[in-house]
Engineer: 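Supplied in structure tokens, the structure appears directly below.
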Amino acid sequence: ALLACIKVNDAKELRDQIRPKCEWGCGRQALRMIDEHIKQETYREIMAARSEMTALTAGTMKELKAALNKFEVLGKKVPIGDGTHHLECLRRIMRGMLANKALAEENIQMQTIFQGHLRAPRPNERINDIVKDLRDCTKDDAWDKRLDRIISGKDTKPTATAALDDGQGR
């Protein structure tokens with residue numbers, strides 16, 4: 001009955017390993033084997049997420065937004081520990097952004113924010129704050145681009161500001 005309850009990716013393989021090693025009626029022995037297998041699977045998943053997190057890069061604001069989203073998802077799988085690995089991954093992401101000369105104005109703002117966090121005491125304990133501030137930079141950039149399109153007349157979508165100007169709002 002215990003073997004029928006196993007719901008891991010390779011359950012059939014695990015059942016085949018347990019049956020010859022455990023005697024009939026020795027559920028505790030089977031549970032120990034299942035527990036060891038699940039610990040190994042969890043460790044593999046953490047290592048894969050950690051490797052993927054280390055490989056994250058960004059060179060544009062759009063890529064930064066995607067990298068930060070992926071960083072947060074992977075960060076939930078990887079135990080933060082002392083935060084050093086997470087902080088190093090953010091540095092790698094930012095290194096690609098700061099190398100992009102086309103984003104000179106945005107880079108100054110992002111570099112100021114990022115360096116401010118790094119200079120503060122224990123930056124590795126404020127990973128979520130750093131990600132939030134970098135995400136705010138991407139939102140600010142998106143708003144600036146939208147505002148530029150509105151001013152140039154290329155954006156014809158109605159906005160809350162236009163509705164207020166027409167007297168439709170409060």
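Side chains are part of it too, since the values below use all heavy atoms of this structure and drop only hydrogens, waters and symmetry mates. For reference, positions follow the sequence shown, starting with 1.
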Engineer: Hydrophobic cluster membership, with links at side-chain heavy-atom distances under 4.5 Å among I/L/V/M/F/W/Y: are Ile46 and Phe71 in one?
Structural biologist: no
Engineer: To the nearest 0.5 Å, what is the distance between CD1 on Ile93 and CD on Glu88?
Structural biologist: 10.5 Å
Engineer: Taking ring pair (Phe, Tyr, Trp, His ring centres under 6.0 Å) as the definition, give me every residue that meets it alongside Phe114, ordered by chain and number, with sequence neighbours left out.
Structural biologist: none
Engineer: Minimum heavy-atom separation for Met97 to Gly59, with atom names?
Structural biologist: SD-C, 3.7 Å
Engineer: With respect to His117, which candidate in Asp129, Leu134, Leu90 satisfies the side chain to side chain contact (heavy atoms under 4.5 Å, CB included) definition?
Structural biologist: Asp129
Engineer: Supply the atom-to-atom distance Thr57 OG1 to Leu64 CG, rounded to the nearest 0.5 angstrom.
Structural biologist: 10.5 Å
Engineer: Give a yes or no on whether Asp136 atom CG has more than 12 heavy-atom contacts from other residues, nucleotides or ligands under 6.0 Å away.
Structural biologist: yes
Engineer: With rounding to the nearest 0.5 Å, note down the distance linking CD in Glu72 to NZ in Lys76.
Structural biologist: 7.0 Å
Engineer: Apply side chain to side chain contact (heavy atoms under 4.5 Å, CB included) to Met94 and Gln115, showing your working.
Structural biologist: CA-CA 11 Å; Met94 289 305 298; Gln115 291 299 325; over 6 Å; no
Engineer: Looking at side-chain heavy atoms only, is the closest gap between Ile130 and Ile113 below 4.5 Å?
Structural biologist: no
Engineer: If we only count heavy atoms from C-beta on, is the Lys70 to Glu52 side-chain gap below 4.5 Å?
Structural biologist: yes
Engineer: What heavy-atom pair brings Leu87 and Pro123 nearest, and what distance separates the two atoms?
Structural biologist: CD2-CG, 4.0 Å
Engineer: Identify the two heavy atoms, one from Arg135 and one from Asn69, that lie closest to each other, and give their separation to 0.1 Å.
Structural biologist: NH1-OD1, 2.7 Å
Engineer: Can you name the side chain to side chain donor-acceptor pair (under 3.5 Å) partners of His85, sequence neighbours left out?
Structural biologist: Thr54
Engineer: Taking all heavy atoms of Pro79 and all of His86, pick out the closest pair and write down the distance.
Structural biologist: O-CE1, 3.7 Å
Engineer: Spell out, as yes or no, whether a donor-acceptor pair under 3.5 Å connects the side chain of Arg126 to the backbone of Pro121.
Structural biologist: yes
Engineer: Please report the interatomic distance CD1(Ile127) to NZ(Lys132), rounded to the nearest 0.5 Å.
Structural biologist: 15.5 Å
Engineer: Taking all heavy atoms of Arg50 and all of Val78, pick out the closest pair and write down the distance.
Structural biologist: N-CG2, 3.6 Å
Engineer: Give the C-alpha distance, both sets of side-chain angles, the deciding distance and a yes or no for side chain to side chain contact (heavy atoms under 4.5 Å, CB included) between Arg92 and Arg95.
Structural biologist: CA-CA 5 Å; Arg92 288 172 187 248; Arg95 191 177 308 139; 4.2 Å; yes
